[in-house]
Every structure is written in C-alpha cells, then in structure tokens.
Protein chains: 2
Amino acid sequence: MAEMTELTERQEKILNVIIRNYLETGEPVGSRTISKNSDLNLSSATIRNEMSDLEELGYILQPHTSAGRIPSDKGYRFYVDHLMEQKDQEINEVKEMVVERTDQMEKMLKQVVKVLANSTQYATMISAPAVRGIRVRFVQLSAVNDHELLSVVVMDGNVVRNRIIKLEQSLSNEDILKLNMLLNTNLSGLTVNDINLALIQKMRQNAGSYSGIIAEVLENIAGTIESDEEREIYTSGATNIFKYPELSDSEKASHLISAFEDKGELKDLIEDIESDEDGNPNGIKVYIGNDIPSMQDCSVVTAKYDLGDGFKGTIGILGPKRMDYENVMRQLKQLKSQLGDIVHSSELPGTSSVKGIGKKEL
Amino acid sequence: MAEMTELTERQEKILNVIIRNYLETGEPVGSRTISKNSDLNLSSATIRNEMSDLEELGYILQPHTSAGRIPSDKGYRFYVDHLMEQKDQEINEVKEMVVERTDQMEKMLKQVVKVLANSTQYATMISAPAVRGIRVRFVQLSAVNDHELLSVVVMDGNVVRNRIIKLEQSLSNEDILKLNMLLNTNLSGLTVNDINLALIQKMRQNAGSYSGIIAEVLENIAGTIESDEEREIYTSGATNIFKYPELSDSEKASHLISAFEDKGELKDLIEDIESDEDGNPNGIKVYIGNDIPSMQDCSVVTAKYDLGDGFKGTIGILGPKRMDYENVMRQLKQLKSQLGDIVHSSELPGTSSVKGIGKKEL
DNA sequence: TGTTAGCACTCCTAACATTTGAGTGCTAAC
DNA sequence: GTTAGCACTCAAATGTTAGGAGTGCTAACA
C-alpha cells in the first residue's frame, strides 16, 4: 500500500479532474483543459509541473510525446479506491428499472443480466448458484417402463432436476414405493455435498433387501442433481463493447465476444474471482486492466450475491478501462439489496419479483 | 426463370472462373487474371468484351470504375444453381467430423453447431425440435407438500419437462394415485397439440369426483410440456464472422453478433425458412444477400433435419456472400446422413436426463 | 519558494498533391 | 470473331505541408 503522503492534496485534485474528464471524453486531457475545468485557480504551467510529477509517480501516462495525459491502471485504481464519490443517498431518485416478475430462477438470472446490460451499456455476466450447496426437499422415483426409472429431485427454491435411470432388473410398484420412502426420509434437507460414501453405507444398512440397488440409485441421484451444466453462466450485452472504440477493433472485439460466446474463459474468471477472499464491505470489487491478464484493455466490476439457502453467485460487468465505475458500482449495490428483498418478500428465491433496479445518468 | 440461351457456354465458363476466383481471394477479379487462369485460350481483350456483356446481364458488377468484377447476387445464384459441382461421391474422403455420442438431445444439438462452426469456419445455428409435436410417454404427479404438486412429463426421446403446480385444496395420496392413472391412460401417446378442449371435456366426464381439478391440472400439464422456451435455438461460431473483412466492420459485425446473441431475429428467420415449402430434393437451401432482407451482406445455407418421432428442426450456416457454398453444402449433406445414423444406432435421440427448473404460478 | 508567462520544440492529424498500377473501353488491324 | 495497343479512370499508397494541441524549460515575479 502506498503511504498516505504519496500524493499532495492538490495532486489528488488534479488527478481527479484528469480521470473524470477522460471518463467523459475518452480523449487525452491536457494542462490547459485542467486549468480551466478545475476550481483550483492555477495556470496551465503549474498544472504541467504537477502532471509531470504525477507521471513520474505512475498515475498517468502520455500516449505520445505531445499529447495530453490519460490515467494509468494505477491511476484508475487510486480513483476507484480513494477519489470516487459514493453518493449512496441519491439512489432513490434514480429512474426505475423494472425486472419483471418471474417464477423461475434461471429466467430471473437471464433477466437480471439483460436489464443490467441495458442500463449500464456494458457487457454483463452472472453465474448461477452452484447446485451442490442447495438442499434437497423431495425425491421421487417412478417407473417409466420395465427397465427405465425416472428420478426427480426437488430442491430449495423449487429447483428441479431429473434423469432417467436405466435398470437391469425391474422393480415392482411396491419396491419403488419403499425406495421412495427410504430416499425421502434420508435425503431431505441434505445437499449434494452431504451425499457421500458414509451416507451411502449407512443407507445400505437400513435398506434391507434393497441394499444392492440403493448405491446405484444414490449415485444416479447425485448425478441427477449436479446435472452436467453445473455453474451455468448467463451473459448479455456482449455487443455493447462495440460502443467503445478502444475495444471494437477486430482483434479485441473478436476475443472478447468469443469469451462471452463460449463462456469457458468466463467460468475460469469467475472462479478466480470467487476464490479471491477479501473482506470487502459490500463484496464489490474492481479489476482494472492487467488485474485480469487475459483482458488487458478492460475493467471488470464484480459483486457477489447471496440469496440465502445456498443460492450464491457472482455478477460481473465488463467495460473499457474508462468505464463509469461510479455508476456501475452504484447499480450493483442497488441490485444486491434488491435481490435481498426478493428473498425476504417471498421466502424462496426464484418465486417472485424484483422491482426497481436503479439507473441513472451522469 | 431465365431461358436456357441467356448465357453462351463461354460466358458460363468465364462467370465460373470469376466466381471461383473471387471466392478464394475476396478481391475483384480482372480480365487479365481470367485470361491466364482459364483453360480457354483467350486474350484479356476478348474476356473484357464478354465481361462487359455479363455485367449488362446483371451477373457481375464493378465495385468502382477501374476495378475488376465481382459476382452479383444473381451471379452467385446462377453459380449455386447451375455451375457448382456436386461431387457427392467424394463425401467419404472428407475429413470426418465427429459428433460424440451423447444421450441428451439438448447437448447433442449444442455439439452439432459447435462442430459445424468449427469445420466450416462460419457462424452456425440449429433450432431444437418443437416439443409440441412430440408424444407423451409418461406423466407423473406427486405431492411435494400440502399445497404444491410436482408434475413431470416424459416424452419420446426421453425429453423431460416439469413444473410445480400450486393447489388450493390438498390431495390425499390416494387421490394422486388415481389422478396419475387417469392421466397416463388418457395422455400416453398424445402430443401437446392433441390436448385440446374436446379432450379435456371427455376426461372430465370420466373423472368422476376429480372433474373439478382435472381441467386445472391438464392445463398445467400442457404448460409444463411447452415450458417457456419453446423452439430454443443454439448457435456457435458467431465470432467467425470476424474472419471475413467484408463483415467485420463495427456496424455489420455488431448487428450480426447481436442477432446471434439474443436470437429473436434468428427465430423469425428460421420460422420463415421452415414455412418456405419447396420440394427441394435434400432440403438444403441457399439464401443469398437480399434473399434475407435483414442480412444483406450475408448468405445463409439451411438444411432441415428430421430424426423421426417428430424431432424436426433446421440447421443454418451463415457466412459472407462469398462463402464456400460447395463445401458447406457437402458438409450439411453429410451431417444429415450422420444424424440419421445416430437415431438408428441408439434407437432414441436423447436417452437420459434433461434438466429443468421448477416453475410456479404467479 | 511557489507560481506564472513566454517560447521553442515535438509530434499527431488532417488535408492536399502525387504517383502507381490494375483494370477498363475503344479502335484498328489481323 | 479475335487481338494488340493505347488512352483513360480511379482507388490506394505515398509524400508533403500546415496547423494545433501539448509539452518542458527558463526566467521573471510575488
């Protein structure tokens, strides 16, 4: 960490003006502009001296010899961490953005990214909660025909998974009834993580004549729950990157859009982010430029969400380095509280509405 | 239709050379090039005369006064319909594209587009079969708790849909058992299309004391089957369009990628295509440029697939107008036969789990 | 000592001019 | 009917120039 004295107050002010100006215009900003646009009455010459120092300290840089200055990654970082105003109180004035009522988790997530992409004009992503941590509420086996068994698992939040299990031997209706009893009494309230070898052993002992089949079925049920697409990621607004010239040349655009298309890279990214433990007050983090090696020209703002009952995930917003951090962070913060409301208002996530996700102009 | 005599044999040859050359290079092709690259021994001057005629007839055009010629939409059309060689016999030599065996419809489709995008280097899409036409094999209601009923429907190809139904009154286990019997005897073998008012009436009459609830449940089951995402479309390789300079300027790329991102436009497109009845021998069609108004700079090659049991859909490949029609059409033809094989070899497309997320009434 | 005005210098950008070359159309001769 | 030759066109590449925004440095000033 830099010591508090690294920058004088005046330097901070100048840096602030530079960054704010650059966020707006996207053009390098020169000493004269600052001299005019700032309330500190200084001549351009003085500003130049300070800028020279700021450059030496690594907060700003010159694209070429006779251009104005633009913020460096370090500059952005300082801005986000110290300079940026957090005007939480204004949230309520903000234009309402409505997430329609929906009754389905997956659908809600898709809607959230869409709304967010729309209101921020950046590319957005959201990771679906890992099913592993969600509790089983109800299990049901039923015979589709002689050698096929349908297993359905209902979990918290009415997340339902199902699979068809192929059997060697056929089971009588009575058998199935008993199996269902056995499964429900033993599995209700557990998560996938809890379905381990010890449990299977214990159940086999209680299973009597079903001991043989119980292991197979349990394994299948664990598989049923995890499905295959564990940790789906939903994205939206990938094409927003075309709005920012610094990202829309073929090379970069192609790479970014690819990442949003096949999601493998995003998955890794989100995993990294989630493992990145850090006692951040509201779970919002900002990655600037080289913080994420594969996306050097971008910044990513992320927030973790937690709807209770094990429904946890991460939201990410990707834009150019000169993205409007203030606005984005404000919107994320608001979204988080709104998502929290859902849980409180309807007892179960995925059962109700999100309303009034804020949006605001500069 | 143009009369057969519109083009002389020589003109056809020249047109052929122009198009082939342009497909390869993407550059306008001039008279000298043709004179050298063709087996007909003619001077560039002669070629020029012929080209002048071809231009007048609308088969080729000049980007600007002193450039070579490029094919017009009409030219491409003529090429695809008459000039292009259909070397079916070579199919076997073609590099095999492997679609891994998979037991899940959805997964298979995703894989197919991916493989196809990879092997053609164009953007690809595939429409999932409409569930409406698939037959119900098995229905199962079960009580999750006092006021929630889980309905699961298994259809041909082991496509599974489910939904949580909210009830006012609670049902005894016996009730549910009887309801299940009733539903299965009446619905097995039907498609969603068959679940209409007449059927509901008939079932109510047979339902005795359940008459009240049967309509509600049936309606929900119809809804269950259709889910919400009817006619999902899977896409892949959208970023391939960056490989073709004529499509990769911000404007066009942005539009195309958007179309592939939110799919609404593609859905309309595929609907148009599917309604486009035309006794084409193998169901492969080529849309060039203005044939699809919203995609003037592209061509789209489409093929219908039919896996039996009502599993029908459309595959589409989108590329620049100068796409390699020959190769694309060959690959589509091959894919079609391969898809047929999958069906035969495993009896049913999709033999195992389909995931779903529970749904609740508003 | 910090601030400022002035000035020379750099270097990007836009505009304009020039050159080059591929390609054409036309004409006259074979 | 075919071809060689020639004048012409025009896009793209290259070169040139002027303008301007911005800088660093220095000397003067409060």
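Just so you know, these numbers use all the heavy atoms, side chains as well, and skip hydrogens, waters and symmetry mates. Letters go in sequence order (proteins before strands), and every chain restarts at 1.
When the side-chain nitrogen and oxygen atoms of A:Ser43 are compared with OP1 and OP2 of C:dT4, one or more of them lie within a distance under 4.0 Å. The phosphate of D:dT3 (OP1 or OP2) has a side-chain N or O of B:Thr46 nearer than 4.0 angstrom.
Taking the side chain of A:Glu55 as heavy atoms from C-beta on, and the options D:dG24, C:dG25, C:dT4, the nearest nucleotide is D:dG24. The side chain of B:Arg48 sits closest to C:dC26 out of C:dC26, D:dT3, D:dG24. Closest to the side chain of B:His64, from the set D:dT3, D:dA11, C:dC7, is D:dA11.
Salt bridge absent: B:Lys13 and B:Asp39 never bring a charged side-chain N and a carboxylate O closer than 4.0 Å. A salt bridge links B:Asp73 and B:Lys321; the closest N-O separation between the charged side-chain nitrogens and carboxylate oxygens is under 4.0 Å. The pair B:Arg322-B:Glu246 counts as a salt bridge, with a side-chain nitrogen and a carboxylate oxygen less than 4.0 angstrom apart.
Look at CG on A:Asn21: it is 14 Å from C1' on D:dA21, rounded to the nearest Å. Atom CD in B:Gln62 sits roughly 10 Å away from atom P in D:dC10 (whole-Å rounding). Following rounding to the nearest Å, B:Asp53 (CG) and D:dT2 (P) show an atom-to-atom distance of 12 Å. Going from atom CG of B:Asn49 over to atom C1' of C:dA28 covers 13 Å, rounded to whole Å. B:Ile70 has its CD1 atom 14 Å from the C1' atom of C:dG23, to the nearest Å. Rounded to an integer number of Å, the gap from CZ of B:Arg10 to C1' of D:dT3 is 12 Å. For B:Asn37 and C:dG23, the CG to P distance is 11 Å, given to the nearest whole Å. The CG atom of A:Asn41 sits 12 Å away from the P atom of C:dT3 (whole-angstrom rounding).
Using modelled atom types, no side-chain atom of A:Asp81 and backbone atom of A:Phe78 make a donor-acceptor pair closer than 3.5 Å.
For D:dC6, the paired nucleotide is C:dG25, the pair qualifying as Watson-Crick or G-U wobble because both relevant distances are below 3.5 Å. Using the Watson-Crick or G-U wobble rule with both distances under 3.5 Å, D:dA18 pairs with C:dT13. Across all strands shown, C:dC30 forms a Watson-Crick or G-U wobble pair, both distances under 3.5 Å, with D:dG1.
Nucleic acid contact class of A:Ala45 (heavy atoms, under 4.0 Å, all strands): base. Contact annotation for B:Arg69: backbone-only contact, meaning every heavy-atom pair under 4.0 Å involves sugar-phosphate atoms and none involves a base.
No side-chain heavy atom of B:Tyr287 sits under 4.5 Å from any side-chain heavy atom of B:Ser299.
Contact of B:Arg32 with C:dG21 (side chain to base): no donor-acceptor pair of N or O atoms is detected under 3.5 Å. Donor-acceptor pairing under 3.5 Å, judged by distance alone, is absent between the side chain of B:Thr65 and the base of D:dC10.
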